[in-house]
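Okay, so here's the structure we're looking at.
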Amino acid sequence: MGKAHVMAIPYPAQGHVLPLMELAQCLACNGIRVTFVNTESNHHRVVKALPENLHELITLVSVSDGLQSWEDRMDFAKSVEALSEVVPGEVEALIGSINAAESDDSVTCIITDAYMAGITQVNEKYSGLKRAAFLTAPVALLALTSSADKLVDDGVIDTDGTPLRSEVIRLSPSLPEMSPNYFAWACLPDLAARKAVFRGVVENNKSAKLAQWLVCNSSYELEAGALAFLDNCLPIGPLLASSRLGKPAGCFWPENTTCLWWLDQQRPNSVVYVAFGSFTVFDSVQFQELALGLELTHRPFLWVVRQDNIASESDHHHHHDNIPVGFMERVEDLGKMVDWAPQQQVLSHPSVACFVSHCGWNSTLESISNGVPILCWPYFADQFLNQSYIVDHWGVGLSLDKDDQTGIIGREEIKNKVELVLTDPIYKNKAVELQEKTMATARSGGSSHTNLTNFIHWIKQT
């Protein structure tokens with residue numbers, strides 16, 4: 001029997017690839033070989049971002065995502081179905097070729113994204129391999145999705161996942177409130193996507209139970225209630241907090257570091273950092289309100305605007321067309337707009353005062369790991385759930401509320417909430433308190449660190 005060799009298979013979206021790549025780095029630093037499987041459309045982006053010193057232990061390989069090059073990878077219904085049809089066969093072939101080539105370097109363990117467990121857990125051919133699943137979302141989301149059948153029985157949703165009731169539910173007294181209209185799958189724009197994702201979730205519940213280890217990027221400090229609700233899930237996070245390298249591997253965009261130099265010029269605890277992850281899309285009215293809201297705060301801001309952040313009629317529109325007239329000139333001395341930023345470094349910068357965020361789980365963890373209060377602007381998936389944690393459970397931030405009439409988050413609302421979160425010390429104090437507790441768990445002797453050590457030990461056992 002040769003050394004431990006892990007095949008890691010993330011769900012192909014930025015928010016899933018990043019934390020699994022962090023875990024892969026942890027394993028590699030412990031002398032474990034890792035083959036990291038990306039779909040082709042993500043592979044080249046990740047290869048470019050992998051730090052030099054990891055190429056020896058982490059091998060990046062690519063598989064088809066089952067879509068043609070011209071097909072839209074933002075089309076969830078298509079993506080989910082294509083993945084489940086194509087990826088299992090590709091992974092099987094990959095393992096076969098690795099094992100044939102190097103008998104002493106054959107794959108010994110498979111780690112899949114918890115929401116792609118079906119790919120390997122149910123495949124009889126892998127019964128000789130160790131099988132683990134890694135949850136990159138909050139445990140509360142898994143508590144929700146694994147309760148899907150019960151929610152149908154209770155009449156909260158129908159068998160397609162469509163909400164039948166709108167009042168909030170609590171799965172247990174210690175879990176955050178959840179609104180059926182904002183269940184992860186219910187936020188998707190069209191019925192086909194909702195059905196496909198919900199069907200995937202229900203199927204996946206069966207497969208996920210077969211994993212020998214289920215580990216998650218969370219901690220007891222953050223999610224005691226959810227971890228008690230799901231007794232088989234072991235927290236090993238936040239992994240981003242343990243990032244030993246200057247910049248995280250597994251990133252999809254070339255990072256713009258001029259913003260770090262810009263942050264160095266700002267006063268401590270003064271900058272409003274604004275970034276919305278890899279999926280959020282705004283219409284131009286909302287985009288303009290955000291711009292004007294930031295201007296109204298009269299505070300320095302660093303705003304990440306992806307080229308595809310705005311739903312435009314044609315592909316030729318860049319965000320510059322949506323910027324309010326005269327805005328750039330008026331905020332020239334105050335704000336900076338970039339198309340991507342090294343987020344972990346930005347959030348750890350002493351100049352940053354708060355984070356206006358879509359509340360993806362990675363962004364939430366990064367903010368907490370740096371003691372930065374959050375203004376919540378959720379878009380879809382688990383983000384409304386994370387907002388509930390941030391605002392109601394941990395008290396480290398506030399929600400930005402849409403206007404009832406227009407459905408838009410208005411400039412005054414933005415200005416007022418920024419003002420509130422920056423002038424009332426309670427948010428910063430709670431954020432720092434949570435940071436200290438959370439970071440302690442990821443250090444030697446802490447519960448997440450102990451779980452991670454045990455997990456690594458299990459992978460290495462022959």
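For the numbers below, each heavy atom of this structure counts, side chains included, while hydrogens, waters and symmetry mates do not.
Under a cut-off of 6.0 angstrom, the local environment of OH in Y182 is sparse, with at most 12 non-hydrogen atoms contributed by other residues, nucleotides or ligands. Counting heavy atoms of neighbouring residues, nucleotides and ligands inside a 6.0 Å radius, atom NZ of K130 exceeds 12 of them. At most 12 heavy atoms of other shown residues, nucleotides or ligands fall within 6.0 angstrom of atom CD1 in I426. Taking a 6.0 Å sphere around NZ of K428, one finds it holds more than 12 heavy atoms contributed by other residues, nucleotides or ligands.
A donor-acceptor contact shorter than 3.5 Å links the side chain of T441 to the backbone of T438. In terms of modelled atom types and a separation under 3.5 Å, the side chain of Q212 and the main chain of R131 share a donor-acceptor contact. Listed for the Q344 side chain is no donor-acceptor partner under 3.5 Å among the backbone atoms of E366. Panel note: side chain N451, backbone P235; a donor-acceptor pair is recorded below 3.5 Å.
Residue C26 comes nearest to L452 through the heavy atom pair SG-CD2, 4.1 Å, listed as atom of the first residue, atom of the second, then distance. L422 and C354 get closest at one heavy-atom pair: CD2-CB, 3.8 Å. Contact between A341 and C259 at its shortest, heavy atoms only, is CB-SG, 3.9 Å. Shown here for M7 and I98, the closest heavy-atom pair between the two residues is CE-CD1, 3.8 Å. Minimum heavy-atom separation, P12 to T39: CB-OG1, 3.5 Å. Summarising the geometry of Y273 relative to Q343, their closest heavy-atom pair is OH-OE1, 2.8 Å, with the distance given to 0.1 Å.
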side-chain contact (heavy atoms from CB on, under 4.5 Å) evaluation trace for W394 with K430: CA-CA 7 Å; W394 306 323; K430 286 218 154 153; over 6 Å; no
side-chain contact (heavy atoms from CB on, under 4.5 Å) assessment of W377 paired with K417: CA-CA 12 Å; W377 191 317; K417 291 280 166 75; over 6 Å; no
side-chain contact (heavy atoms from CB on, under 4.5 Å) between L60 and M21, intermediate numbers included: CA-CA 10 Å; L60 297 169; M21 184 55 94; 3.6 Å; yes
Working for side-chain contact (heavy atoms from CB on, under 4.5 Å), residues H457 and T453: CA-CA 6 Å; H457 183 68; T453 307; 5.8 Å; no
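With no hydrogens or angles considered, no side-chain donor-acceptor pair links N370 and H349 at under 3.5 Å. Side-chain contact of D160 with T162: a donor-acceptor pair under 3.5 Å is absent, judged by distance alone. A donor-acceptor contact under 3.5 angstrom links the side chains of T59 and R33, judged on distance only. Inspection of the H5 and S106 side chains reveals no N or O donor paired with an N or O acceptor under 3.5 Å.
Ring-plane geometry between W303 and F301 is classed as perpendicular, the angle between the planes exceeding 60 degrees on a 0 to 90 degree scale with a lower cut at 30. Relative orientation of the W213 and F455 rings is tilted, given thresholds of 30° and 60° on the angle between their planes.
How far CD1 of I236 is from OG1 of T450: 12.5 Å, rounded to the nearest 0.5 Å. In this structure, the separation between CG on L227 and OG on S219 is 8.0 Å, given to the nearest 0.5 Å. In this structure, CG in L57 is found 14.5 Å from CZ in F36, a value given to the nearest 0.5 Å. F380 CZ to H358 NE2: the interatomic distance, rounded to the nearest 0.5 Å, is 8.0 Å. Taken from CD in Q435 to OG in S369, the straight-line distance is 7.5 Å, to the nearest 0.5 Å. Atom CG of residue N386 and atom CG of residue L365 lie 8.5 Å apart, to the nearest 0.5 angstrom.
A 4.5 Å side-chain heavy-atom check between E223 and L230 finds every atom pair outside the cut-off. Using a 4.5 Å heavy-atom cutoff, the side chains of N362 and N217 are in contact. Using a 4.5 Å cut-off on side-chain heavy atoms (C-beta onward), S174 and F229 make no contact. I368 places none of its side-chain heavy atoms less than 4.5 Å from the side chain of P238. Contact of the L27 side chain with the I456 side chain is registered, since non-hydrogen atoms from C-beta on lie closer than 4.5 Å. Inter-residue side-chain proximity for P19 and F134 is flagged as met; some heavy-atom pair is nearer than 4.5 Å.
Ion pairing of R165 with D154 is absent here, as no side-chain N (NZ or NE/NH1/NH2) approaches a carboxylate O to less than 4.0 Å.
Applying the ring-ring contact (aromatic ring centres under 6.0 Å, His included) test to every pair with at least one member in residues 190-211, sequence neighbours left out, gives these pairs: W185-F198.
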Please table the atom pairs, donor to acceptor, closer than 3.5 Å between any side-chain atom in residues 138-146 and protein atoms at least two apart or in another chain.
{"from": "T145", "atom 1": "OG1", "to": "Y115", "atom 2": "OH", "distance (Å)": "2.7"}
{"from": "T145", "atom 1": "OG1", "to": "L141", "atom 2": "O", "distance (Å)": "3.2"}
{"from": "T145", "atom 1": "OG1", "to": "L142", "atom 2": "O", "distance (Å)": "3.4"}
{"from": "S146", "atom 1": "OG", "to": "L142", "atom 2": "O", "distance (Å)": "2.6"}
{"from": "S146", "atom 1": "OG", "to": "A143", "atom 2": "O", "distance (Å)": "3.4"}

